[in-house]
Number of protein chains: 2
Amino acid sequence: MVTMRLIGWVRSPYAETSQIPKGCGAKHEAEGILEILPEFERGLTDIEGFSHLFVLWAFDRATGFELVGMTPADDRPHGVFATRSPRRPNPIGLTVVELLRRDGARLHVRGVDMLEGTPILDLKPYLSGVPAERLRRGWLAEAEARRGQTDASPC
Amino acid sequence: MVTMRLIGWVRSPYAETSQIPKGCGAKHEAEGILEILPEFERGLTDIEGFSHLFVLWAFDRATGFELVGMTPADDRPHGVFATRSPRRPNPIGLTVVELLRRDGARLHVRGVDMLEGTPILDLKPYLSGVPAERLRRGWLAEAEARRGQTDASPC
């Protein structure tokens, strides 16, 4: 058992999950603020040099978990570890955001897909990706193919 | 406060942190096994279709945290949220691994940079990356430039 503390809050335009674009082809262009608590502000030193960040956060409004379940991206069920479902054994969310600017302990970012008031657990610099030609996207690619969709946006 | 449970263990060739390649230019090609607990095996359904996974894990042998500190990648200190230091307010590690094959609840992967016996907290499919031309790598790029290094491997 590991206990996590919050390091800040997400300020997001989304008050309810129904407002967050979901499923394949969803675009996450919403702007928001990562409001870091004053006692952790020094930990942001030099973060402004990075264009993208990993945000680790808590699905604080999800309850329980489901090992196999439906997602908005397909009409077939999948294992929870093959999806981004909020109903996970450990309710940790992971989002890559673009850092637009830093204003003290407030990071203005693009690409939030969290609810207003979501607790932030950690930030890390995003450093590199897997080249597209080496990436296989499993059931998602299949679900897209069944719908005749070719857009490879994450969902 | 959020409490996390372990969903499995990392089987890694690394028994001590000194054995793990660190700093810029470090290659993470080591193979290992993500051994998921039997009660969570159903959550792996369809995971074999993905080439890469995010692994969220606990720095279970790190103690305390440091808001600004040195890393192996530079001779200057940086804020903890601009680094991958293990000494973080919430000791969560994040690694992208390549999934080589699944054998029941055992996932054979390449790219482990965790110690043997590290607790796993979550797995998620890796779906897409930020295009290289849109990525800025902050103090890391500067540290590399000072050393005359051009390799953009993550560290």
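So you know, we letter chains A, B, ... as the sequences are listed, proteins then strands, and number each from 1.
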Measure the acute angle between the ring planes of B:Phe40 and A:Phe65, then classify it against the limits of 30° and 60° as parallel, tilted or perpendicular.
tilted

In terms of heavy-atom proximity below 4.5 Å to chain A, should B:Glu142 be classed as side chain, backbone, both, or neither?
neither

Please state whether the side chain, the backbone, both or neither of A:Leu56 comes within less than 4.5 Å of a heavy atom of chain B.
side chain

With a 3.5 Å distance limit and no angle check, can you tell me whether B:Arg42 reaches the backbone of B:Glu39 through a side-chain donor-acceptor pair?
no

Measure distances from A:Arg5 to the heavy atoms of chain B and classify the residue's part below 4.5 Å as side chain, backbone, both or neither.
both

If you tally heavy-atom pairs under 4.5 Å against chain B, which of A:Leu44, A:Leu94, A:Leu99 wins?
A:Leu94

Any chance you could measure A:Phe50, atom CZ, to A:Leu123, atom CG, to the nearest 0.5 Å?
12.0 Å

Look at A:Leu53, A:Ile36, A:Asp60, A:Val68 and state which one has the largest set of heavy-atom pairs under 4.5 Å with chain B.
A:Val68

What distance separates B:Tyr14 OH from B:Ile20 CD1, expressed to the nearest 0.5 Å?
7.0 Å

Which atoms of A:Glu98 approach chain B - backbone, side chain, both or neither, heavy atom under 4.5 Å:
side chain

Once you measure the plane-to-plane angle for B:Tyr126 and B:His52, does it fall in the parallel (<30°), tilted (30-60°) or perpendicular (>60°) bin?
tilted

Contact leader toward chain B among A:Val80, A:Asp46, A:Ile47, where contacts are heavy-atom pairs under 4.5 Å:
A:Asp46

Contacting moiety of A:Pro119, where chain B heavy atoms sit under 4.5 Å:
neither

Nearest-0.5 Å distance that lies between atom CD in B:Glu41 and atom CD1 in B:Ile7:
12.0 Å

How long is the gap from OG1 on B:Thr95 to CG on B:Asp113, to the nearest 0.5 Å?
3.5 Å

With a 4.5 angstrom heavy-atom cut-off, is it the side chain or the backbone of A:Thr83 that approaches chain B, or both, or neither?
backbone

Interface check, chain B: of A:Pro89, A:Gly79, A:Gly49, A:Ser51, most non-hydrogen pairs under 4.5 Å belong to A:Ser51

